[in-house]
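Here the structure is laid out as structure tokens; the discussion comes afterwards.
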Amino acid sequence: MEIGFIGLGHMGGPMAKNLVAAGHSLKVFDLVPSAVQSLVDAGAASVASAAEAASEVQVLISMLPASQHVEGLYLGESGLLSTIDRNTLVIDSSTIAPESARKVASAAAEKGITMIDAPVSGGTAGAAAGTLTFIVGGSNAAFEQAHPLLEKMGKNIFHAGDSGAGQVAKICNNMLLAVLMAGSAEAIQLGVANGMDPKVLSDIMQKSSGRNWALELYNPYPGVMESVPASNGYQGGFGVDLMAKDLGLAMEAALQTRSSTPMGSLARSLYAMHSSKGSGALDFSSIQKLFSDI
Ligand code: NAD
């Protein structure tokens, strides 16, 4: 299958590599030349513009940072929706505002183009291993059409509902993740301050009622777990600024529906404070630094 792939960052890069490894022919584009080169080394073809990546392909996938990037790519006079072939299935896997996803999908529908939102969960490790969870918003037919391809990059593929529903589910999940990560960091520091070894404490909590994803797979305290960002200077992984963005999306969704989200609101403030101290590019587990002198 001919596939266009735009946005080859921490997530898009490994996702695109899995499609090449599955035997698909990829035309790739990113604003960062080194990201493109890494895909060319893996066997993809580099093209000079997003429009070229989107032309004469059966499927176009985008994996960009935020709503403004996605709207900028697809909408407006020079946006891709004005040039994409009607038969191209468009999959946007970026995490963006549900409203933005609906806006772009409905602009696509007006032109007869099928588009789904398919944000992912599972982090960079999941992207590399091809075990991501895809959370799809769009029609049943579009979901069925995308399913075989999403399976090449992920293990769990969910249909959340109509356009934008994938983003709603993703935002709820990430708000919970931020709360769990900040809470885990706070609990570990409380133990350390009271004389405990962070690894011993983590092992205990992992097998007790405080057990959660952060403790099990992504411990925020340096040295407790191998191969996680905390043990690598908080490099790579899922950036603090991206988490702060997702928490902002959660707060917007809460305001629009008058939902009460006190824990999410506190987590958003913690991540905003952490970012303002110069940690925006670090992995989100570095929230540990707000609690610990490490
Ligand atoms: P990233 O910043 O590493 O990658 C984004 C890439 O998009 C960059 O390489 C950038 O150059 C490129 N880009 C931006 N605008 C572009 C344009 N107009 N044309 C072409 N390329 C463009 O971000 P990431 O970590 O890969 O995350 C991507 C999305 O996935 C975000 O919405 C994020 O919230 C979501 N996400 C990330 C993770 C994670 O663990 N990193 C996990 C789940 C979801």
Side-chain angles (χ1 to χ4, degrees), residues 1-7 11-12 15 29 49-121 132-150 153-154 157-175 242 245-259:
M1 192 186 285
E2 278 279 342
I3 300 169
F5 206 115
I6 300 172
M11 296 296 287
M15 287 164 68
F29 178 70
S49 67
E52 267 188 67
S55 85
E56 293 174 21
V57 290
Q58 285 148 279
V59 177
L60 175 67
I61 302 175
S62 51
M63 189 53 162
L64 304 182
S67 303
Q68 67 269 27
H69 305 99
V70 175
E71 291 193 24
L73 182 70
Y74 289 106
L75 303 179
E77 272 179 28
S78 55
L80 292 184
L81 291 182
S82 55
T83 58
I84 294 175
D85 187 273
R86 276 167 178 244
N87 297 319
T88 301
L89 170 68
V90 181
I91 302 175
D92 180 51
S93 281
S94 326
T95 302
I96 63 173
E99 246 180 40
S100 243
R102 287 186 204 111
K103 187 169 151 187
V104 182
S106 95
E110 276 172 26
K111 295 189 182 289
I113 299 165
T114 304
M115 179 165 190
I116 59 172
D117 45 297
V120 300
S121 179
L132 290 171
T133 294
F134 280 88
I135 314 166
V136 175
S139 69
N140 283 333
F143 176 73
E144 292 305 332
Q145 196 186 343
H147 200 285
L149 194 61
L150 300 182
M153 300 178 282
I157 323 287
F158 290 104
H159 189 191
D162 290 337
S163 287
Q167 301 294 352
V168 173
K170 168 68 186 170
I171 287 166
C172 293
N173 179 72
N174 273 24
M175 184 179 82
L242 285 177
K245 173 206 69 166
D246 289 358
L247 289 166
L249 294 176
M251 294 305 101
E252 279 170 27
L255 274 174
Q256 280 163 12
T257 52
R258 297 192 186 173
S259 302

Inset, instruction - Taking salt bridge (charged side-chain N to carboxylate O under 4.0 Å, His left out) as the test, write out the residues that go with K103, two or more places apart. - result: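 Expected list: E71.
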So which atom in [X] and which in [Y] form the shortest heavy-atom distance, rounded to 0.1 Å?
X    : Y    : value
S62  : D92  : OG-OD1, 2.7 Å
A97  : S67  : N-OG, 3.0 Å
T257 : S259 : OG1-OG, 2.8 Å
A142 : T114 : CB-CG2, 3.5 Å
L73  : A50  : CD1-CB, 3.7 Å
V70  : I96  : CG2-CG2, 3.7 Å

Taking side chain as C-beta onward, heavy atoms only, is [X] less than 4.5 Å from [Y]?
X    : Y    : value
V120 : M153 : no
L81  : L75  : yes
L149 : I61  : yes
V136 : L150 : yes
Y74  : L60  : yes
M63  : F5   : yes
T88  : I113 : no
I91  : I116 : yes

Considering residues at least two apart in sequence or located in another chain, which fulfil the side-chain contact (heavy atoms from CB on, under 4.5 Å) criterion with [X]?
X    : answer
A66  : Q68, H69, K245
A253 : none
S163 : R102, A105, D117
S82  : none

Could you give the distance from [atom1] ([X]) to [atom2] ([Y]), rounded to the nearest 0.5 Å?
X    : Y    : atom1 : atom2 : result
S49  : I6   : OG    : CD1   : 8.5 Å
Q145 : N140 : CD    : CG    : 12.5 Å
S93  : I135 : OG    : CD1   : 10.0 Å
E56  : N87  : CD    : CG    : 12.5 Å
M115 : L80  : CE    : CG    : 9.5 Å

Legend entry - Donor-acceptor under 3.5 Å (Q58 side chain, E2 main chain):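 Pair found, side chain donor or acceptor close to backbone of E2.
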Legend entry - Under 3.5 Å donor-acceptor, T95 side chain and P119 backbone: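 No: the side chain of T95 does not pair with the backbone of P119.
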Inset, instruction - Could you please spell out the steps behind the side-chain contact (heavy atoms from CB on, under 4.5 Å) verdict for E144 and H159? - result: CA-CA 9 Å; E144 292 305 332; H159 189 191; over 6 Å; no
Inset, instruction - Could you pull out all residues at least two apart from Q256 that satisfy side-chain hydrogen bond (donor to acceptor under 3.5 Å, both in side chains)? - result: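 With sequence neighbours excluded, Q256 shows a side-chain hydrogen bond (donor to acceptor under 3.5 Å, both in side chains) to E99, given in chain and number order.
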